[in-house]
Student: 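Could you have a look at this structure, given as structure tokens, before my questions?
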Amino acid sequence: LDGKYIFHTVQPGETYYSLSRKYEISIETIDLANPGIVGTIRAGSTIRIPVLRKATSNSSLLQEVLESVDTAQLSQIPDTSSADSVLIAIRDSIVLKDTYRIALMLPLYLDKNDIMRKKRAKDDPPKVYPKSIIGLEFYQGAMLALDSLGRQGHKVVATIYDTEKDTSKIKEFMKDPNLPHTDLIIGPLYRSNLMMIRQYAIENKIHMVSPFIATNRILIGNEYISKVKPAVQSTVEEIARYVTAEFIEDSSMSLETKNVILVHNSDAGEKILCELFKQKTVKFLGVSDSTGIIAQPKIKVVDYLNREMQAVEEALSVADSNILVILSRDQIFVSKIIANLHRKYEDYSIVVFGLPVWQHFRNLEAKVLLDLQVHIASAEYIDYHCPAVKMFISSFYKKYKVNPSKYAFEGFDAVYFYIQMLKEYGYRFSSYLPEAKIRSLKDTSHYEKIGVGSGYENKRIFILKYEDYDLVLKSATAAY
């Protein structure tokens, strides 16, 4: 953050949505920059539009939360309306090419894999260097996408750069005389490597794609970058949207009431996410049409560290449906509270919401997740009944003799989507990302610009529920 705002006087008919489109910034960023405004904005009021430019790097849940939207810094930005704080977003002209050049920067560790291959005894099964698995599987999916696009008539020249996890390799790649003529860079997968080549891509106006990095910090100050994976704030926002629509708003129109409970383990990052959830439910409820009063949902907050299940039971209601939102990535804590809740599920009506990482907690039993009606907000959802997905799996198996991993799906989708962007909008496609409706294996993407002068986040998130020993799609982020 560079400490400056655009000051905007709200005109009649303007909304958070229209302003987000006008300034190419997310609704969440506008909201967090104006903590004094609750509910809808009013004509004649002045609001602040943050200009985001600089970046730092951290890794814990708290640090990831603060990296994506640093609310403390936002509140400390001085009031200034100097002319140099206004950045006008200019939409690039569509300039098409006959052939596009892309660079795939992946940790393939080809040298180490070659050494392992040469050392392998004749009767030993093939082995792969462990750190190369993600990169190799992503590469396999990407190659299948290029095959598919080639059959459709797309002309693409792809150059593969084996980055390993080594910034010195990135320095060498930047000396390649062909790299400045590249139209698109997918990767690097590691953040240290990506940040090494970031300035080079800005100077040469090459769009970069980050397939796996979640924090929005990598987008700040660079209009030529987008990331496929949504930030944790966007995940919490989608949970709040779904809970508001399906439970809080629904309870106001029915005889059954819903008891919404936020549970954290006294972790600072979890507390911030709980506050964000509460803010979003207020926004989504909006102003009552009959009274003009901003709706304030009744949400209980429980600190599990303080008296554990005793505190949770005091918040539970025997008469109402209990919606427990647990915004934690701590496997020990999540496993403990889920087990304790399951001992009570016959006494209470319980629905639980959690974060994407829960899908990978192996000690959460399937029956427990079913009984507690656990919902997961995740960017990872594949409809295996979809004909396109079936065809991809069949083609992948035919080529590689194994079924595709989730990283192979990611590789296919990233290359397929962005080559289609190049074809439709040209090599200066960045500003057109929010309007793109290109369908890939996972569904259409939902890109939003996070701030003036910054890049684009894919906010497509699915709400999944454990049913019949599987994760079933209940909802997906809609354009708003």
Student: Does the side chain of Ser321 pick up a donor-acceptor pair with the side chain of Tyr348 at under 3.5 Å?
Tutor: no
Student: Would you indicate whether the side-chain heavy atoms of Lys229 and Asn458 approach each other to under 4.5 Å?
Tutor: no
Student: Hey, what's the ring geometry for Phe396 with Tyr400, parallel, tilted or perpendicular (30° and 60° as the breaks)?
Tutor: tilted
Student: Given 3.5 Å as the limit, does a donor-acceptor pair link the side chain of Asn216 with the main chain of Ala231, or not?
Tutor: no
Student: Can you tell me how far CZ of Arg217 sits from NZ of Lys227, rounded to the nearest 0.5 angstrom?
Tutor: 12.5 Å
Student: Please name the pair of heavy atoms, one in Tyr418 and one in Ser226, separated by the smallest distance, quoted to 0.1 Å.
Tutor: OH-OG, 2.7 Å
Student: Is Asn222 reaching over with its side chain to a backbone N or O of Ser454, donor-acceptor style, under 3.5 angstrom?
Tutor: no
Student: Determine whether the side chains of Asn259 and Lys300 contain a donor N or O and an acceptor N or O closer than 3.5 Å.
Tutor: yes
Student: Is the number of heavy atoms from other residues, nucleotides or ligands under 6.0 Å of Lys344 NZ greater than 12?
Tutor: no
Student: Ignoring hydrogens and geometry, is there a side-chain-to-backbone donor-acceptor pair from Thr244 to Ala240 under 3.5 Å?
Tutor: yes
Student: Could I get the full list of side-chain hydrogen bond (donor to acceptor under 3.5 Å, both in side chains) partners for Tyr190, not counting sequence neighbours?
Tutor: none
Student: Can you confirm whether Asn113 sits close enough to Leu108 that some side-chain heavy atom of one is under 4.5 Å from a side-chain heavy atom of the other?
Tutor: no
Student: In Å and rounded to the nearest 0.5 Å, what is the OG to CD distance from Ser45 to Glu14?
Tutor: 9.5 Å
Student: For Tyr447, enumerate each residue passing the ring-ring contact (aromatic ring centres under 6.0 Å, His included) test, keeping only those at least two apart in sequence or located in another chain.
Tutor: Phe417
Student: Taking salt bridge (charged side-chain N to carboxylate O under 4.0 Å, His left out) as the definition, give me every residue that meets it alongside Lys165, ordered by chain and number, with sequence neighbours left out.
Tutor: none
Student: Give the minimum heavy-atom separation between Gln373 and Lys465, together with the two atoms involved.
Tutor: OE1-NZ, 3.6 Å
Student: Taking atom types as modelled, is there a side-chain donor on Glu223 or Ser430 under 3.5 Å from an acceptor on the other?
Tutor: no
Student: Of all residues at least two apart in sequence or in a different chain, which pass the side-chain hydrogen bond (donor to acceptor under 3.5 Å, both in side chains) check with Asp303?
Tutor: Ser266
Student: What pairs with Thr235 under side-chain hydrogen bond (donor to acceptor under 3.5 Å, both in side chains), at least two apart in sequence or on another chain?
Tutor: none
Student: In terms of ring plane angle, is the pair Tyr345 and His342 parallel, tilted or perpendicular, where the classes change at 30° and 60°?
Tutor: parallel
Student: Run the salt-bridge test on Lys474 and Glu467 with the 4.0 Å N-O cut-off and return the result as yes or no.
Tutor: yes
Student: Is the count of non-hydrogen atoms from other residues, nucleotides or ligands lying under 6.0 Å from Ile133 atom CD1 greater than 12?
Tutor: yes
Student: Please confirm whether Tyr407 and Phe212 have ring centers closer than 6.0 angstrom.
Tutor: yes
Student: For His375, which residues count as a side-chain hydrogen bond (donor to acceptor under 3.5 Å, both in side chains) partner, sequence neighbours excluded?
Tutor: none
Student: Is a donor on one side and an acceptor on the other found under 3.5 Å between the side chain of Asp383 and the backbone of His385?
Tutor: yes
Student: Enumerate donor-acceptor pairs with a distance under 3.5 Å from any side-chain N or O in residues 134-147 to protein atoms, sequence neighbours excluded.
Tutor:
residue	atom	partner	partner atom	Å
Glu137	OE1	Ser405	OG	2.7
Asp147	OD2	Lys399	NZ	2.7

Student: Which distance, rounded to the nearest 0.5 Å, do you find between the NZ of Lys271 and the CG of Asp267?
Tutor: 8.5 Å
Student: Which residue pairs pass the side chain to side chain donor-acceptor pair (under 3.5 Å) test with at least one member in residues 388-398, sequence neighbours excluded?
Tutor: none
Student: Please tabulate, for the side chains in residues 334-341, all donor-acceptor contacts under 3.5 angstrom to protein atoms that are two or more places apart in sequence or on a different chain.
Tutor:
residue	atom	partner	partner atom	Å
Ser335	OG	Gln331	O	2.7
Ser335	OG	Asn363	OD1	3.3
Ser335	OG	Asn363	ND2	2.8
Lys336	NZ	Glu308	OE1	3.3
Lys336	NZ	Glu308	OE2	2.8
Asn340	OD1	Arg343	NH1	2.3
Asn340	ND2	Tyr304	OH	2.8
Asn340	ND2	Lys336	O	3.3

Student: Return yes if some donor-acceptor pair links the side-chain N/O of Asp468 with the main-chain N/O of Asp470 below 3.5 Å, else return no.
Tutor: no
Student: Who passes side chain to side chain contact (heavy atoms under 4.5 Å, CB included) against Leu369, sequence neighbours left out?
Tutor: Leu364, Val374, Tyr466
Student: Does a donor on one side chain and an acceptor on the other come within less than 3.5 Å for Gln420 and Tyr416?
Tutor: yes
Student: With no hydrogens and no angle check, just 3.5 Å: does a side-chain donor-acceptor pair link Ser234 and Glu457?
Tutor: yes
Student: Give every residue pair that meets the salt bridge (charged side-chain N to carboxylate O under 4.0 Å, His left out) criterion with at least one member in residues 401-414, sequence neighbours excluded.
Tutor: Glu380-Lys406, Glu410-Lys442
Student: I'd like to know if Arg307 and Glu314 make a salt bridge, using a cut-off of under 4.0 Å between side-chain N and carboxylate O.
Tutor: yes
Student: Only pairs at least two apart or in different chains count here, so list each salt bridge (charged side-chain N to carboxylate O under 4.0 Å, His left out) that has a residue in residues 358-370.
Tutor: Lys367-Asp371
Student: So, for Tyr425 and Ala436, which heavy atoms are closest and what is the spacing to 0.1 Å?
Tutor: OH-CA, 4.2 Å
Student: Would you call the rings of Phe353 and Phe247 parallel, tilted or perpendicular, taking 30° and 60° as the class edges?
Tutor: perpendicular
